[in-house]
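Everything on this sheet refers to the single structure shown next.
Computed from a predicted structure; not experimentally measured.
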Amino acid sequence: MSEPGKTKFQVDLRRHLRETGVEDNLTHLICEIAEASKYIIHSIRTGDLGVAGTSNLYGEKQLALDVLADRILRKRLDHSGVVVNMMSEEMDQIIPVSTDWEGKYSVAFDPLDGSSLVDVNLAVGTIVAIFPGYDLLRPGREQVAAIYILYGPRTTLVYSVGDGVYEFGMNNLMEYTLLREHITLKPKGNLYSPGGLRNQYTPGVENYVSTLEKRGVKLRYSGGFVPDINQVLLKGEGVFLYPHLKDLPRGKLRLLFELSPMAYLVEQAGGAASDGHQPILDLLPTQIHERAPVFIGCKDDVALAEEMLRTYEGKK
Ligand code: AHG
Ligand code: MN
Ligand code: MN
Ligand code: MN
């Protein structure tokens, strides 16, 4: 148990992971990601907010911070001694780190999610999916852990290793200590977070959103996937959607390093995540930068979306 006199809410992330029986290499990996976040915070607060003058595989103009955050995480993971392969939004391909994959992990990450919000000082985050072994092109259900760090008014880290969802907050010593454990979602919510242009919504999505609005749910959308999901998770009630659009049939968000880790966390919290027809976690990615439509949050609200799409758009 924790040090005498210390409650579980006072011990830091590493001790918490050890005491909850997380395997050593995975504990080390999660703590390395937590350490990297401290350098990312510093770069957000003091770094260059301008563009890097380069673009990623999506044709998105990379910010200096996108590239810097990517480099910080890549270096940490490279030297961790427990990573086999890694990929990120800012990399064109999977980066091999080690050929010895026994008891080690492969990582897909979004080093800086919401980069378009940095210059207007809105909350941004880092998202990480962790798979056992060497293969990253597999259904998100095979993850062994998922993490996001939210660089908000307070820096928080939310993770799950498959036994519930925990939230840690960064204290004045820059340690992460436990804030919440076993975060759970209600079956139905009272907020919705609709991404994408409304005039691009297909009939099923349009009817879904108007049904939610008739129910009186509140619109909460920041444009940052991490804060928007964090709000659904911690309020315990809501649904986020970035659906298929008339001009974007596969939606905008990326399966490997945005949707799969968030779907893992939300399912661990008793919620659901769907592409409109099937669970996000059952989707088999065919290439590393695959996108998918997403409806994620309270179980009943996601089920309603699937029902609306069946009614208005038929089974795809
Ligand atoms: P990223 O900054 O990593 O490229 O991701 C941005 C994503 C995600 O954070 C958010 O949900 C979505 O883009 C917002 O898209 P819109 O600007 O179209 O609303
Ligand atoms: Mn981007
Ligand atoms: Mn992102
Ligand atoms: Mn990003």
Side-chain angles (χ1 to χ4, degrees), residues 33 37 40 44 56-58 60 62-63 65-66 69-70 73 87-90 107-129 140 143 146-153 155-160 165 167 183 185 189 191-197 205 219-235 238-245 248 250-269 271-276 280-281 283 285 289-298 301-302 305:
I33 292 162
S37 73
I40 294 175
I44 292 168
N56 63 19
L57 202 71
Y58 301 92
E60 293 171 343
Q62 289 171 311
L63 292 186
L65 282 179
D66 279 321
D70 189 58
L73 263 165
M87 67 80 64
S88 87
E89 179 193 355
E90 312 308 343
V107 183
F109 60 94
D110 183 350
L112 188 67
D113 176 78
S115 23
S116 65
L117 304 173
V118 165
D119 60 346
V120 291
N121 199 25
L122 282 178
V124 293
T126 295
I127 313 170
V128 186
Q143 289 170 92
I147 304 162
Y148 66 76
I149 295 121
L150 174 54
Y151 310 108
T155 300
T156 54
L157 179 148
V158 171
Y159 89 90
S160 179
V165 182
E167 184 202 28
I183 294 167
L185 283 170
L191 69 87
Y192 73 119
S193 203
L197 293 180
V205 179
L219 192 158
R220 289 284 184 276
Y221 187 77
S222 80
F225 192 38
V226 176
D228 288 341
I229 292 292
N230 189 63
Q231 178 168 217
V232 166
L233 259 182
L234 298 193
K235 294 275 188 207
V239 61
F240 174 97
L241 55 146
Y242 208 110
H244 52 293
L245 301 170
L248 263 182
R250 294 300 297 156
K252 172 180 184 182
L253 297 180
R254 285 58 64 103
L255 185 54
L256 250 74
F257 51 76
E258 288 171 325
L259 301 185
S260 279
M262 288 306 198
Y264 180 89
L265 289 165
V266 166
E267 281 205 10
Q268 276 292 315
S274 168
D275 67 354
I280 290 286
L281 291 181
L283 297 178
H289 289 284
E290 189 150 328
R291 300 176 195 266
V294 66
F295 303 80
I296 180 170
C298 294
D301 292 338
V302 173

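Considering all non-hydrogen atoms of both residues, Gly125 and Val226 come closest at CA-CG2, 3.9 Å. Contact record, Pro293 with Pro243: CB-C, 3.8 Å, taken as the closest heavy-atom pair. Closest of all the heavy-atom pairs between Val239 and Val302 is CG2-CG2, 4.4 Å. Taking each heavy atom of Ser115 and Asp66 in turn, the nearest pair found is OG-OD1, 3.0 Å. Nearest heavy atom pair, residue Ser193 against residue Arg220, reads OG-O, 2.6 Å. Nearest heavy atom pair, residue Ile127 against residue Pro261, reads CG2-CG, 3.5 Å.
The existence of a salt bridge linking Arg254 and Glu60 is confirmed by a sub-4.0 Å separation between a basic side-chain nitrogen and an acidic carboxylate oxygen.
Tyr151 and Thr126 form a side-chain donor-acceptor contact under 3.5 Å, judged by distance and modelled atom types alone. With no hydrogens or angles considered, no side-chain donor-acceptor pair links Gln62 and Asn56 at under 3.5 Å.
Under the 4.5 Å side-chain criterion, counting only non-hydrogen atoms from C-beta, Leu281 is in contact with Gln143. Between Lys252 and Tyr58, every side-chain heavy-atom pair lies at or beyond the 4.5 Å cut-off. Within the 4.5 Å cutoff, side-chain heavy atoms of Pro227 are placed close to those of Leu150. The shortest distance between side-chain heavy atoms of His244 and Arg250 does not fall below 4.5 Å. Within the 4.5 Å cutoff, the side chain of Ile147 has no heavy atoms near those of the Val158 side chain. At least one side-chain heavy atom of Leu219 sits less than 4.5 Å from a side-chain heavy atom of Tyr192. Here the side chains of Asp113 and Val124 are not in contact, with every heavy-atom distance at 4.5 Å or above.
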Applying side-chain contact (heavy atoms from CB on, under 4.5 Å), run through Glu167 and Leu157 and close with a yes or a no.
CA-CA 6 Å; Glu167 184 202 28; Leu157 179 148; over 6 Å; no
Would you sort out whether Asn230 and Tyr148 count as a side chain to side chain donor-acceptor pair (under 3.5 Å), showing the intermediate values?
CA-CA 9 Å; Asn230 189 63; Tyr148 66 76; 2.6 Å; yes
Under the side-chain contact (heavy atoms from CB on, under 4.5 Å) rule, what do His289 and Met87 come out as? Steps first, then yes or no, please.
CA-CA 10 Å; His289 289 284; Met87 67 80 64; 3.8 Å; yes
Yes or no on side-chain contact (heavy atoms from CB on, under 4.5 Å) for Val266 and Leu185, after CA distance, side-chain angles and deciding distance?
CA-CA 8 Å; Val266 166; Leu185 283 170; 3.7 Å; yes
For Phe295 and Val205, run side-chain contact (heavy atoms from CB on, under 4.5 Å): C-alpha distance rounded to whole Å, both residues' side-chain angles, the deciding distance at 0.1 Å, then the answer.
CA-CA 10 Å; Phe295 303 80; Val205 179; 4.1 Å; yes
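Going from atom OG of Ser274 over to atom CG of Asp301 covers 12.5 Å, rounded to the nearest 0.5 Å. A distance of 8.0 Å separates NZ in Lys235 from CG in Leu191, rounded to the nearest 0.5 Å. Separation of atoms CG (Leu73) and OG (Ser88) is listed at 8.5 Å; rounding is to 0.5 Å. Rounding to the nearest 0.5 Å places OH of Tyr242 at 5.0 Å from OH of Tyr221. Between Asp119 atom CG and Leu63 atom CG the span is 7.5 Å, to the nearest 0.5 Å. Between Ile149 atom CD1 and Leu112 atom CG the span is 11.5 Å, to the nearest 0.5 Å.
Here the rule is side-chain contact (heavy atoms from CB on, under 4.5 Å) with Asp275, and of Ile296, Val294, Ile280 only Ile280 fits it.
Partners of Asp110 according to the side-chain hydrogen bond (donor to acceptor under 3.5 Å, both in side chains) rule, which considers only residues two or more places apart in sequence or in another chain, do not exist here.
Looking at Glu89, its side chain never comes within 3.5 Å of a backbone N or O of Pro111 through a donor-acceptor pair.
Checked against a 6.0 Å centroid threshold, the rings of Phe225 and Phe240 count as neighbours.
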